[in-house]
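Chain A is the first sequence line, chain B the second, and so forth, proteins listed ahead of strands; every chain is numbered from 1.
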There are 2 protein chains.
Amino acid sequence: MPFTAYDSETCSIARTLALVGDRWSLLVLRDVASGVRRFDELAGHLGIARNVLSERLRRLTDAGLLERVAYRDEGVRARHEYRLHGPGRELVVILAAFLTWGDRHLAGPEGPPALLRHADCGAPVHLTLSCDEGHDLGPRPRLRLEPGPGSRPRP
Amino acid sequence: MPFTAYDSETCSIARTLALVGDRWSLLVLRDVASGVRRFDELAGHLGIARNVLSERLRRLTDAGLLERVAYRDEGVRARHEYRLHGPGRELVVILAAFLTWGDRHLAGPEGPPALLRHADCGAPVHLTLSCDEGHDLGPRPRLRLEPGPGSRPRP
DNA sequence: GCAGCTGGGTTTCAGAACGCAACCTATCCG
DNA sequence: CGGATAGGTTGCGTTCTGAAACCCAGCTGC
């Protein structure tokens, strides 16, 4: 049964992209994961239009990837900030995949523009793809995507 | 030095997203990686507008992620198809990251809609994030993104 | 006690991107 | 010659995005 016989949108890749696959969501998540948590900081750092940022934060919060947390600096009224939440914390693996690819193929001669480290021990981090037989698949893995139990035929 | 002091667009995540971070590119790459290589098949399976598909294929080809390969079925004139090429073959790691996340958080009770297997041995594939000290970081890694040698201050 | 500042947005409107359908064009077959 | 078909391109209307202005609540200084 060819891949084309199955519904494109049911695939987990498509579903995940529908959630965070626009031009800004992953950058917002990157910044939040890096400690940029407040609206104005995000808007300033990302260069995103404020209405778009507002809409993205709402969507990501509604989806449970971010949480709004109240905080209060001294002498200022209570405000709130955004933090990674629940499943959102696992999205950093996707960010790491983008970072790794970009470092390998888009970095200039000066080297990678950002480094990803293990927060606990400070060592650089790397992503490996391996199969349940224990083979390491390397950077250019030979893979096959096939319909799984939750697949649906194309409408 | 806070993360906000560094240019958002220089980051490898941002650069990679600028290349493939629109609503369709990664789905096109998923399909091409899965053996859907011809224009009409892609258009039909993805449900993408033909002009948009045309433009995406050109961009991805220009960027060196896809190559156009001539082929000829019997009794039909020569045509061409698209295949993953060079750095494009390494993008499947990003697709695997999306798939893994979607399987964990967006799959229904029936199970994952698609399975990713090692083409050589047929075993399911998984992604692991580990640090150079050898710690396995698990699905919710505690990471720190910091400016690297190629970083630039914010303009 | 009120003017101004600040964080965190919403509103408005123009321009870019997208989706749909129609059309074009080689080539091969009958 | 007249389809059939793969692989696009063109034109047009709708939707999404971006920039900038505006709003609003609460603190602070005067």
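- Within the 4.5 Å cutoff, no side-chain heavy atoms of A:Ser34 are placed close to those of B:Leu143.
- Between B:Trp24 and C:dG19 there is a side-chain polar atom (N or O) within less than 4.0 angstrom of OP1 or OP2.
- Heavy atoms of other residues, nucleotides or ligands lying less than 6.0 angstrom from CZ of B:Arg89 number 12 at most.
- An OP1 or OP2 oxygen of D:dG18 is reached within less than 4.0 angstrom by a side-chain nitrogen or oxygen of A:Arg23.
- Taking 3.5 Å as the limit, the base of C:dG19 and the side chain of B:Arg50 contain no donor-acceptor pair of atoms between them.
- Taking only side-chain nitrogens and oxygens, B:Tyr82 never comes nearer than 4.0 Å to OP1 or OP2 of D:dA6.
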Applying side chain to side chain donor-acceptor pair (under 3.5 Å), run through B:Tyr71 and B:Arg38 and close with a yes or a no.
-> CA-CA 11 Å; B:Tyr71 75 94; B:Arg38 302 181 186 182; 3.1 Å; yes
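- One finds a side-chain N or O of A:His80 lying less than 4.0 angstrom from the OP1 or OP2 phosphate oxygen of C:dG9.
- Enclosure of atom CD in A:Glu9 is not indicated, since only 12 or fewer non-hydrogen atoms of other residues, nucleotides or ligands lie within 6.0 angstrom.
- In this structure, B:Asp120 CG and A:Leu137 CG are separated by 8.0 Å, a value rounded to the nearest 0.5 Å.
- Proximity of residues 30-47 of chain B to DNA chain D (heavy atom under 4.0 angstrom from any strand atom) is restricted to B:Arg38, B:Phe39, B:Asp40.
- With rounding to whole Å, A:Ile48 atom CD1 is found 13 Å from D:dA19 atom C1'.
- A heavy-atom distance below 4.0 Å to DNA chain D is reached by these residues of residues 51-65 of chain A, ordered by number: A:Asn51, A:Val52, A:Arg56.
- Following rounding to the nearest Å, A:Asp22 (CG) and D:dT17 (C1') show an atom-to-atom distance of 11 Å.
- A salt bridge is absent between A:Arg152 and A:Asp7: the closest approach of a Lys/Arg side-chain nitrogen to an acidic carboxylate oxygen does not fall below 4.0 angstrom.
- Note: B:Arg23 CZ to A:Leu17 CG = 10.5 Å, rounded to the nearest 0.5 Å.
- With hydrogens and angles ignored, the 3.5 Å screen pairs no side-chain donor or acceptor of A:Arg68 with any backbone N or O of A:Arg58.
- Here B:Arg79 does not reach the OP1 or OP2 of C:dT25: none of its side-chain N or O atoms lies under 4.0 Å away.
- In this structure, CD of A:Glu81 is placed 9 Å from P of C:dG8, rounded to the nearest angstrom.
- Ion pair B:Glu67/B:Arg83 not flagged as a salt bridge, since none of the NZ, NE, NH1 or NH2 atoms sits closer than 4.0 Å to an Asp/Glu carboxylate oxygen.
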